Amino acid sequence: MPLRLYNSLTRRLDELRPLVPNKVTMYHCGPTVYSSPHIGNFRSFLFADVLRRFIEDQGYQVIQVMNVTDVGHLTNDDLETGEDKMEAASKKTGRTAWDIAKQYENEFHECQRLLHVRLPHHMPRATDFIAQMGVIIDDLLQKGVAYQVDNGDVYFEISKFPQYGKLSGKVIDELEDGARVAVNDKKKDPRDFALWKTDDKHQMQWDAPFRGGLRGFPGWHIECSAMSAHYLGHQIDVHTGGEDNMFPHHECEIAQTEAHTHRQFVSIWMHARHLLVDNKKMSKSLGNFFTVEDVLKKGYSGLELRFALVRGHYRQQLNFTLKGLDEARAAIARVQQCRQRLVRIETGAERKGEADLTAATAAANAKFTATMQEDLNVSEALAVVFDFVGECNRAQPTLASCALALQFFARIEDVLGCFGATPQADATGDAPAELQAMLQKRQDAKKQKDWATADAMRDEIQKAGWKIVDTATGPRLEKA
RNA sequence: GGUCCCGUAGCCAAGUGGUUAGGCAACGGAUUGCAAAUCCGUCUACGGCGGUUCGAUUCCGCCCGGGACCUCCA
């Protein structure tokens, strides 16, 4: 069974057919590092992460590149008033753009770690690829697809690339009727976009990396073309981003890259739907957004946030709520309880049985694969996992079955990464000695039928962040 | 104004022309000194109105409601 993915370009499910057999190249539009990463950002990045993990699960070797935009992302791409986001943040805070970029890039990496993201193989910064951008700009100028105006700005000329609009379905006339107005009369067409801009006041400036240019800074779109070409070559298999990237960003990437190489840039374009918060659009301009840090400060773990952001289908709007995080916590616990019991049986801490889970495990694996192969249907894949949890809990499995089932869970974890590592059979030994003493005291009290003392001990242990689990073979302590 | 997506039980969220997700919460039962965890059971839905069909939540049309892009945003 092939892996089929929804391709924004063809508007249907396309089979993943890597240009080089068994190797998949992926490029992801990463963060613009001008503010703290928010949960909406990570909805997209976690989607990319799960995609990568599943493709690897399917036996491919993946090479993943995610850019860090630290220059050139204009607040208003085509208008004269457009301002670089880094510069805008700098103005607001009084710090340098370089300083800001560094801070938020670090924050981004920290969030990746907290949300258990498998790091892309390369995470290049735009500012480190000025020269490579220059090569493309130079070529586009030579080919007459781009033009330079008096002040030194270089624009890509839309009319020279008739396929412009093929990804987003935007048609020229429609755009001209829209809210966007041409106020930059230097441009031949209002939709021509900047490859290079000049501005004396801009903090980040470079001598033009192309012939006949003036000192300035690159436009936003060109970085992705340059960096994907540098690491992955002129043609790549999969390119992802948030749905807002589709236009104009990805449209522009296609135009400049394909005008440059005369080859199809990307086989499969994928876009994650935006997140809603309490059923409302989440955006900076509305101010109703949570940063990753906000959520973690409320006491939720990265795993819980990851689960909450990953559980819905990526092409569906996902409604984020704090209640959803509580649900995530409970759901994760359900899986972990199940895994822990299997470990306990395996290690002899709990009685094994006669139930053979071989067939059930094979079926779960097959269903999980099939459902993920169909455009990464995580929701349905989770249903498979939870069905299997029920089967395990109901059974008294053999040692061999425990091992098989645990392998299944390890695979799920490898792909989804939202449940955590295989639990320990018994964490009692890791608990502080005083808690272990309390546990013993509770046992003694129970023998005496001194329920008051027994319950008091349990409450104390709970207050310390642990809980008692009573079993047929005696009580044990677990982290709550 | 143009293009497009969605509306599923208390909440979240898949899917399908006729069997029927899953999670959370709630309730009843088993277990337990009481709990926790686990198991069993209950709650059974597809925005509204038409149409196509033997049969529609699933296809078509209209309406209502929410959202996306075209403008900063993943």
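The figures here come from the full heavy-atom set of this structure, side chains too, leaving out hydrogens, waters and symmetry mates. Computed from a predicted structure; not experimentally measured. Naming convention: chains lettered A, B, ... in sequence-line order (proteins, then strands); numbering from 1 in each chain.
Contact annotation: A/K281 reaches the phosphate of B/rA68 (side-chain N/O to OP1 or OP2, under 4.0 Å). Checking the phosphate oxygens (OP1, OP2) of B/rC12, a side-chain nitrogen or oxygen of A/N279 falls inside 4.0 Å.
Picking from B/rA13, B/rG33, B/rA74 the nucleotide with the shortest atom distance to the side chain of A/K446 gives B/rG33. Side-chain proximity of A/A383 to B/rA14, B/rC34, B/rG22: nearest is B/rG22. Side-chain proximity of A/D244 to the nucleotides B/rC5, B/rA74, B/rC12 is greatest for B/rA74. Side-chain proximity of A/A330 to the nucleotides B/rC24, B/rA14, B/rG22 is greatest for B/rC24. When distances run from any side-chain atom of A/D387 to the nucleotides B/rG22, B/rC70, B/rG33, the shortest one goes to B/rG22. Considering only the side chain of A/H313, B/rA14 comes nearest among B/rA14, B/rC11, B/rC70. Closest to the side chain of A/E243, from the set B/rA14, B/rA68, B/rG33, is B/rA68.
Aromatic ring centroids of A/F409 and A/F388 lie under 6.0 Å apart. Note: A/Y300 and A/F290 fail the aromatic proximity criterion, with ring centroids not under 6.0 Å apart. Aromatic rings of A/H271 and A/H250 (six-membered ring for Trp) have centroids within the 6.0 Å cut-off, being under it. Between A/F45 and A/H28, the distance separating the two ring centers is not shorter than 6.0 angstrom.
The pair A/E380-A/K367 does not meet the salt-bridge criterion, since no charged nitrogen lies less than 4.0 angstrom from a carboxylate oxygen. In summary, A/K463 and A/E460 engage in a salt bridge, as defined by a charged side-chain N under 4.0 Å from a carboxylate O.
Nucleic acid contact class of A/K280 (heavy atoms, under 4.0 Å, all strands): none. As judged by a 4.0 angstrom heavy-atom cut-off over every strand, A/R442 is placed among the base-contacting residues. Heavy atoms of A/N245 sit under 4.0 angstrom from primed sugar atoms or phosphate atoms, though from no base atom. Here A/H271 lies out of heavy-atom contact (under 4.0 Å) with every strand. When heavy atoms are screened at a 4.0 angstrom cut-off, A/A272 is found touching no nucleic acid atom at all. Residue A/G241 is classed as a sugar-phosphate contact, given heavy-atom separations below 4.0 Å to backbone atoms only. Within 4.0 Å of A/L275, counting heavy atoms only, lies at least one base atom of the nucleic acid.
Centre separation under 5.5 Å together with a plane angle under 30° does not hold for the ring of A/F386 and the six-membered base ring of B/rG23, so they are not marked as stacked.
Rounded to an integer number of Å, the gap from CG of A/L322 to C1' of B/rC12 is 14 Å. Rounded to a whole Å, the CD atom of A/Q316 is 13 Å from the C1' atom of B/rG66. Between the CG atom of A/L416 and the P atom of B/rG22 there is a distance of 18 Å, rounded to whole Å. Taking atom CZ of residue A/F307 and atom P of nucleotide B/rA13, one finds them 12 Å apart after rounding to whole Å. Protein atom CD of A/Q462 is 8 Å distant from nucleotide atom C1' of B/rA36, rounded to whole Å. In this structure, CZ of A/F320 is placed 15 Å from C1' of B/rA74, rounded to the nearest angstrom. Look at CZ on A/R329: it is 12 Å from P on B/rA25, rounded to the nearest Å. Between the CG atom of A/L276 and the P atom of B/rC6 there is a distance of 14 Å, rounded to whole Å.
Taking the C1' atom of each, B/rG7 and B/rG48 are spaced 11 Å apart, rounded to whole Å. Using P as the reference atom, B/rU57 and B/rG17 are 13 Å apart when rounded to the nearest Å. If you take atom C1' in B/rC69 and the same atom in B/rG18, they sit 38 Å apart, rounded to whole Å. Straight-line distance between the C1' atoms of B/rU42 and B/rU3: roughly 47 Å, to the nearest whole Å. The gap from the C1' atom of B/rU19 to that of B/rG55 amounts to 14 Å, rounded to the nearest Å. Here, B/rC63 and B/rC70 have their C1' atoms 26 Å apart, quoted to the whole Å. Straight-line distance between the C1' atoms of B/rC62 and B/rA26: roughly 39 Å, to the nearest whole Å. Separation of the P atoms belonging to B/rA14 and B/rC6 is 11 Å when rounded to the nearest angstrom.
Contact of A/R458 with B/rC34 (side chain to base): a donor-acceptor pair of N or O atoms is detected under 3.5 Å. Taking 3.5 Å as the limit, the base of B/rA35 and the side chain of A/D470 contain a donor-acceptor pair of atoms between them. On a pure distance criterion of 3.5 Å, no polar donor-acceptor pair joins the side chain of A/R43 and the base of B/rA74. In this model, no side-chain donor or acceptor of A/N377 finds a partner on the base of B/rG15 within 3.5 Å.
For the residue pair A/Y6 and A/R315, the shortest heavy atom distance occurs at CB-NE, 3.3 Å.
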In sequence, state the C-alpha distance, the side-chain angles, and the governing distance for A/F108 and A/F42, and then conclude on ring-ring contact (aromatic ring centres under 6.0 Å, His included).
-> CA-CA 10 Å; A/F108 181 73; A/F42 268 89; 5.4 Å; yes

side-chain contact (heavy atoms from CB on, under 4.5 Å) evaluation trace for A/F193 with A/Q256 | CA-CA 10 Å; A/F193 58 90; A/Q256 65 203 181; 3.2 Å; yes

Give each protein N/O atom lying under 3.5 Å from an N/O atom of nucleotides 39-42 of chain B, with the pair distance.
from: B/rC39; atom 1: OP1; to: A/N393; atom 2: ND2; distance (Å): 2.8
from: B/rC40; atom 1: OP1; to: A/R394; atom 2: NE; distance (Å): 2.4

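Along RNA chain B, the nucleotide nearest A/D326 and the nucleotide nearest A/E380 are compared for position; the residue whose nucleotide lies closer to the 5' end is A/E380. Along RNA chain B, the nucleotide closest to A/P31 and the one closest to A/A454 are compared, and the more 5′ of them pairs with A/A454.
Just one residue in the list A/D470, A/D459, A/D450, A/D455 forms a salt bridge (Lys or Arg N to Asp or Glu O under 4.0 Å) with A/R442, and that residue is A/D470.
Counting only residues at least two apart or in different chains, side chain to side chain donor-acceptor pair (under 3.5 Å) contacts with residues 345-355 of chain A comprise A/R344-A/E350.
In this structure, B/rC43 makes no Watson-Crick or G-U wobble pair, since no nucleotide meets both defining distances under 3.5 angstrom. Under the Watson-Crick or G-U wobble criterion, with both distances below 3.5 Å, B/rA21 has no partner in any strand shown. Using Watson-Crick or G-U wobble geometry with both donor-acceptor distances under 3.5 Å, B/rG1 finds its partner in B/rC70. In a base pair of the Watson-Crick type (N1 to N3 plus N6-O4 or O6-N4) or a G-U wobble (N1-O2 and O6-N3), with each distance short of 3.5 Å, B/rG61 is matched with B/rC49.
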